[in-house]
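Note that the coordinates shown come from a computational prediction; the quantities given were computed from them, not determined experimentally. Computed over heavy atoms, backbone and side chain alike; hydrogens, waters and symmetry mates excluded.
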Amino acid sequence: MNPTQDQTAPAAAPGPGPDSAPGTGPRRRPRIAGGRLDLRHLSLIGVLVALVVVGALTKPDQFLDVDNLRLILTQASVIGVVTVGVTFVIIGGGIDLSVGAIVALASVWATTVATQEFGLGGMLLCTLLVGLGCGLVNGLLVAYGPMVPFIATLAMLASARGLALQISDGKTQVVSVDAVLDLGVEDSYVLGVPPIVLVFLAVGAVGWLVLNRTTFGRRTVAVGGNPEASRLAGIAVKRQRLLLYLLSGLCCGIAAFLLIVLTGSGQNTNGNLYELDAIAAAIIGGTLLSGGRGTILGSVLGVLVFTTITNLFALNNLQTDVQQIAKGAIIVAAVLVQKGRVTS
């Protein structure tokens with residue numbers, strides 16, 4: 001397998017795989033499929049290069065400034081970590097609409113006065129536990145409920161937002177722990193790279209390895225491609241789905257802590273529309289909404305594309321509504337191209 005590609009089919013195993021219909025033998029994926037993955041990644045890189053050229057032509061002094069490029073990576077890091085978790089869930093045949101609300105709840109819970117008394121370790125542990133707790137509830141409802149993922153995560157979205165509002169009383173909770181605030185200052189940068197960006201790179205790398213080099217990744221692809229065939233092949237489908245939502249919740253907890261470091265506060269409006277941005281980034285990166293195929297690298301590139309577009313619009317003083325229209329057009333184009341590849 002080309003090391004630049006993410007897992008798109010489970011390793012050959014007895015019984016039907018995700019590319020076979022129930023009652024039929026496994027189908028061999030055409031060799032050209034790998035080329036398509038390469039082409040998709042190269043296309044996204046080409047889009048990024050084009051955006052950089054546009055920025056260099058329209059606002060050369062501002063866009064190409066090191067601080068601005070660092071800002072783009074920093075802003076991409078929080079939503080990027082969330083997108084890694086969402087990508088796993090979608091590849092596994094699910095959807096998670098609650099990620100933004102979970103980020104908000106975790107950030108608010110970790111920045112209460114009581115939690116801040118435990119310092120950096122206590123705040124980090126709090127965000128991770130809240131994320132895992134919400135992911136556990138989602139996973140239990142979807143896998144063992146059973147409930148449709150859309151409904152289960154929509155209910156979590158509403159509940160988490162409401163609880164975040166109740167905890168914070170609608171107020172911004174300022175962080176007073178120096179060890180946390182110090183992570184956001186320039187003195188903490190490693191070779192000029194903010195710790196937030198390094199965490200994003202680490203999460204992306206681990207996500208790529210898990211999806212491509214572990215049994216968990218192969219099972220995720222199999223369950224998303226054909227859950228019934230996966231069950232007949234001996235995969236615990238319900239448990240796998242539960243683990244996927246736990247993973248998504250964990251990523252939300254990590255993202256919440258990064259957001260706390262970035263903003264120095266916690267508020268119930270954090271993570272607004274993160275679910276849409278994460279799903280959109282995964283889609284344009286090549287993840288099928290129907291499950292069974294997706295790439296971590298593609299999702300990361302999708303996040304960088306959207307973040308760069310947002311930065312360009314801000315630098316050129318373009319209105320937010322135009323920015324949203326542009327994002328919508330990109331999503332539609334990506335889905336149409338993706339659909340054409342699937343049916344061809």
Indicate yes or no for a side-chain donor-acceptor contact from Thr310 to the backbone of Phe306 under 3.5 Å, with no hydrogens or angles considered.
-> yes
Members besides Leu129 in its Ile/Leu/Val/Met/Phe/Trp/Tyr cluster (side-chain heavy atoms under 4.5 Å) | Leu125
Starting from Leu163, walk the hydrophobic network (Ile, Leu, Val, Met, Phe, Trp, Tyr; side-chain heavy atoms closer than 4.5 Å) and list everyone else you reach, by chain and number.
-> Leu105, Val108, Trp109, Val130, Ile167
Ignoring hydrogens and geometry, is there a side-chain-to-backbone donor-acceptor pair from Glu275 to Ser98 under 3.5 Å?
-> no
Establish, from distance only, whether the side-chain atoms of Thr220 and Gln240 form a donor-acceptor pair under 3.5 Å.
-> yes
When rounded to the nearest 0.5 angstrom, what distance separates CZ in Phe313 from CG in Asn311?
-> 11.5 Å
Looking at residues at least two apart in the chain, or sitting in another chain, which of them share a side chain to side chain donor-acceptor pair (under 3.5 Å) with Asp187?
-> none
Could you give me the CA-CA distance, side-chain angles and deciding distance for Asn138 and Ile102, then say whether side chain to side chain contact (heavy atoms under 4.5 Å, CB included) is met?
-> CA-CA 11 Å; Asn138 281 336; Ile102 295 175; 4.1 Å; yes
Any chain of hydrophobic side-chain contacts (each under 4.5 Å) joining Leu48 to Leu71?
-> no
Donor-acceptor contacts, no H, no angles, side chain residues 242-257, under 3.5 Å, sequence neighbours left out:
unit_1	atom_1	unit_2	atom_2	d
Tyr245	OH	Ile95	N	3.3
Tyr245	OH	Ile95	O	2.9
Ser248	OG	Asp96	OD2	2.9

Nearest heavy-atom approach of Ser107 to Gln267 is OG-O, 3.8 Å
Do Gln116 side-chain atoms and Val174 backbone N/O form a donor-acceptor pair below 3.5 Å?
-> yes
Please list every donor-acceptor pair under 3.5 Å in which a side-chain atom of residues 54-66 meets a protein atom from a residue at least two apart or in another chain.
unit_1	atom_1	unit_2	atom_2	d
Thr58	OG1	Val54	O	2.8
Asp65	OD2	Asp67	N	3.0

Any sub-3.5 Å donor-acceptor pair from Thr153's side-chain atoms to Leu97's backbone N or O?
-> yes
Shared ILVMFWY cluster between Met156 and Leu165, side chains joined below 4.5 angstrom?
-> no
The reported gap from CD1 in Ile284 to CD1 in Ile279 (rounded to nearest 0.5 angstrom) is 13.0 Å
Check whether Leu132 and Val206 end up in the same hydrophobic cluster, where Ile, Leu, Val, Met, Phe, Trp and Tyr are linked by side-chain heavy atoms less than 4.5 Å apart.
-> yes
ILVMFWY cluster, Leu297 and Val47 together (side-chain gap under 4.5 Å) | yes
Output side-chain donor-acceptor pairs under 3.5 Å for residues 72-83, partner residues at least two apart or in another chain, one line each.
unit_1	atom_1	unit_2	atom_2	d
Thr74	OG1	Arg70	O	2.8
Ser77	OG	Leu73	O	2.7
Thr83	OG1	Ile79	O	2.7

Which is it for Leu209 and Thr214 under the side chain to side chain contact (heavy atoms under 4.5 Å, CB included) test, yes or no, and what are the steps along the way?
-> CA-CA 7 Å; Leu209 289 173; Thr214 68; 5.9 Å; no
Give the minimum heavy-atom separation between Arg161 and Ala104, together with the two atoms involved.
-> NH1-CB, 3.3 Å
Measuring from Leu211:CG to Thr87:OG1, what's the distance to the nearest 0.5 Å?
-> 9.0 Å
Measure the CZ-OG1 distance between Phe88 and Thr287 for me, rounded to the nearest 0.5 Å.
-> 10.0 Å
For the residue pair Trp208 and Arg213, what are the closest heavy atoms and their distance?
-> CH2-NH2, 3.8 Å
When rounded to the nearest 0.5 angstrom, what distance separates CG in Asp178 from CG in Leu183?
-> 11.0 Å
Spacing of Ile90 atom CD1 and Ile283 atom CD1 [to the nearest 0.5 Å] | 6.0 Å
Heavy atoms only: give me the nearest Tyr189-Pro194 pair and the separation to one decimal.
-> CD2-CA, 3.5 Å
Should we count CZ of Phe118 as having more than 12 external heavy atoms under 6.0 Å?
-> no
Correct closest heavy-atom pair for Ala110 and Thr127 would be CB-CG2, 3.4 Å
What one should report as the nearest heavy-atom pair of Ser299 and Ala282 is OG-CA, 3.6 Å
Say whether Leu289 and Leu273 are linked into one hydrophobic cluster, either directly or through other cluster members, by side-chain heavy-atom distances under 4.5 angstrom.
-> no
